[in-house]
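Comments concern the structure below.
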Amino acid sequence: MKIVHLLYFTEFAGTEKVCVDLCNTMSQDNEVFLLGNLYDFQGNKITDYLEDAVRFVDIPTDKNRHNIFYLYKISKILKKIDPDVIHCHNTKLLEIMKYCQIFLPKKIPIIFTKHNWFVKKRMKYADLCVGISPETLKLCNAKNNILIENGIKFKQAKRVLPDSTFNIVGVGRLEEHKNWQLAITALSKVSFDYRLYILGKGVYEEPLKELITQLNVSDKVKLVGFVDNPWDYIYSSDLQLLPSRLEGFSLALIEGIYYGKMVFALDTANHREVLGDDFIVENDAEKLAVKLDDVYHHYDEYSKKFSSVKAESSRFDINQVAKKYLDAYRGLLNKTDII
């Protein structure tokens, strides 16, 4: 099968990781092209994350999507590739692909993956819309809508944190809705010694630094910044916190289940479905502090409970996820019912 993926590369975060992993995995048995901008806003190159088998085509993604000359230029690239399916990972590029069809000699099925919680009317342009969690699936409004949960490529992890303290890790951008302020405030109230490592960058860094200073936990809370190996930190931690109030489907959740010892998260996206009630926490610093104290003092009991969650981690292997997408592609091409 000849597959075109399209990506608006702003930073190498969740959407970008999923797209790249799908491209790399699908390219093992298919002809895969990735169309998008070469550099993100920080100067990172998308090709640094791609396997050699994936054929990258640099296209301008910041142009006016209603510019007829721009659309014609993109359609010429598509005509030359002649893909069986087009898979978009951003609504802007979905709209561009819809408009480009007028210049093509045949209709090419368009798939769109709904990676976030924003409501977008343009999803109806897709022939198939994929929700990555039950909540995002509810937002999908294409003719055909299905659920395919995110997955990752599992890697060998190693210890990078000292064993001398109780290590807690958080993975995600430093933004207000990621709710690191909840984790920091709650941990300032616990009765045990710990170290919290928050991996990520973002616009909310200064308010978090101010909160850390205000709560006098500078020796316990570390804003590590962006790292290429979050799985090593998760593997080295005693537990992972996901306090985000809004999620599509967190890749950090998958990493926590596979690499970590246990994960605690707010009740958003499909967290409760995946983790179970024992590992869901409330958006309340006092209650979270009480929960963390209980976890610390009854750690072995929670570890045994989490073993059943960990046993299901293979369902998030990128090879399993890619197979589901490929089956969905074939369903569109064969005009059969999509399951």
Side-chain angles (χ1 to χ4, degrees), residues 13-14 160-162 165-227 230-257 259-272 274-299 302-303 306 309:
V160 294
L161 298 176
T165 55
F166 191 84
N167 295 316
I168 302 171
V169 69
V171 182
R173 295 186 301 276
L174 305 186
E175 296 182 2
E176 197 276 339
H177 75 270
K178 288 294 185 179
N179 212 13
W180 298 120
Q181 56 273 24
L182 171 68
I184 294 168
T185 303
L187 282 165
S188 72
K189 302 174 183 294
V190 299
S191 61
F192 59 92
D193 191 24
Y194 68 90
R195 295 295 181 273
L196 170 63
Y197 300 87
I198 300 177
L199 315 180
K201 290 184 176 181
V203 296
Y204 209 61
E205 181 174 349
E206 287 305 316
L208 290 178
K209 285 182 176 179
E210 292 175 7
L211 179 63
I212 291 168
T213 301
Q214 175 187 336
L215 295 176
N216 196 29
V217 290
S218 299
D219 58 332
K220 297 179 181 293
V221 179
K222 311 297 180 184
L223 300 182
V224 180
F226 176 81
V227 299
W231 51 87
D232 289 333
Y233 285 82
I234 296 170
Y235 177 75
S236 306
S237 68
D238 295 287
L239 66 84
Q240 180 181 3
L241 277 177
L242 293 174
S244 178
R245 296 192 303 271
L246 295 168
E247 286 291 342
F249 188 112
S250 171
L251 296 185
L253 172 66
I254 301 175
E255 291 173 329
I257 293 171
Y259 297 109
K261 295 181 177 68
M262 62 186 72
V263 184
F264 293 86
L266 259 63
D267 188 10
T268 186
N270 60 343
H271 290 173
R272 186 179 294 274
V274 173
L275 295 174
D277 294 342
D278 289 324
F279 298 94
I280 295 299
V281 297
E282 295 186 50
N283 188 19
D284 181 286
E286 296 286 348
K287 292 180 180 179
L288 179 55
V290 171
K291 179 72 170 182
L292 292 173
D293 271 325
D294 188 60
V295 172
Y296 180 80
H297 292 294
H298 302 91
Y299 191 81
Y302 279 94
S303 183
F306 195 73
V309 179

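From a predicted model like this one, the values you see are computed outputs, not experimental measurements.
At least one side-chain heavy atom of Ser191 sits under 4.5 Å from a side-chain heavy atom of His297.
Under the side-chain hydrogen bond (donor to acceptor under 3.5 Å, both in side chains) criterion, Asn283 pairs with Asn179, sequence neighbours left out. Residues passing the salt bridge (Lys or Arg N to Asp or Glu O under 4.0 Å) test with Lys287 are Glu282, sequence neighbours excluded. Under the rule for a ring pair (Phe, Tyr, Trp, His ring centres under 6.0 Å), Tyr204 has no partner lying at least two apart in sequence or in another chain. Residues satisfying the side-chain hydrogen bond (donor to acceptor under 3.5 Å, both in side chains) test with Ser303, not counting sequence neighbours, are none. In terms of the salt bridge (Lys or Arg N to Asp or Glu O under 4.0 Å) criterion, residue partners of Asp267 (sequence neighbours excluded) are, by chain and number, Arg272. Under the rule for a salt bridge (Lys or Arg N to Asp or Glu O under 4.0 Å), the partners of Asp278 that lie at least two apart in sequence or sit in another chain are Lys305. Take Tyr299 and apply the side chain to side chain contact (heavy atoms under 4.5 Å, CB included) test, not counting sequence neighbours, and it matches Phe166, Asp238, Lys261, Met262, Val295. In terms of the ring pair (Phe, Tyr, Trp, His ring centres under 6.0 Å) criterion, Tyr233 has no residue partners (sequence neighbours excluded). Evaluation of the side chain to side chain contact (heavy atoms under 4.5 Å, CB included) rule for Asp294 yields His298, Tyr302 as partners, not counting sequence neighbours. Val309 pairs by the side chain to side chain contact (heavy atoms under 4.5 Å, CB included) definition with Ile257, Leu275, Phe306, not counting sequence neighbours. Take Tyr235 and apply the ring pair (Phe, Tyr, Trp, His ring centres under 6.0 Å) test, not counting sequence neighbours, and it matches no residue.
Separating the CG atom in Leu208 from the CD atom in Glu206 is a distance of 9.5 Å, to the nearest 0.5 Å. The CG atom of Leu242 lies 11.0 Å from the CZ atom of Phe264; values are rounded to the nearest 0.5 Å. With values rounded to the nearest 0.5 angstrom, Thr185 atom OG1 is found 9.5 Å from Leu288 atom CG.
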Pairs under 3.5 angstrom only: tabulate donor-acceptor contacts from the side chains of residues 212-225 to other protein residues two or more places apart or in another chain.
| from | atom 1 | to | atom 2 | distance (Å) |
| --- | --- | --- | --- | --- |
| Thr213 | OG1 | Lys209 | O | 3.1 |
| Lys220 | NZ | Asp193 | OD1 | 2.7 |
| Lys222 | NZ | Ser218 | O | 3.3 |

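Residues Val171 and Pro230 come closest through the heavy atom pair CG1-CB, 4.3 Å. The minimum heavy-atom distance linking Gln240 with Ala252 is given by the pair NE2-O, 3.2 Å. Nearest heavy atom pair, residue Asn167 against residue Leu161, reads ND2-CB, 3.7 Å. In plain terms, the two heavy atoms of Ala183 and Leu241 that are nearest each other are CB-CD1, 4.0 Å. Between Ile234 and Tyr259, the shortest heavy-atom contact is CG2-CB, 4.0 Å. The two residues Pro243 and Leu182 make their nearest non-hydrogen contact at CB-CD2, 4.1 Å.
Between the His271 side chain and the Leu266 main chain, a donor and an acceptor come within less than 3.5 Å of each other. For the pair Gln181 (side chain) and Pro207 (backbone), a donor-acceptor distance under 3.5 Å is absent. Side chain of Trp180 to main chain of Arg173: a donor-acceptor pair is present (N/O by atom type, distance under 3.5 Å, no hydrogens or angles).
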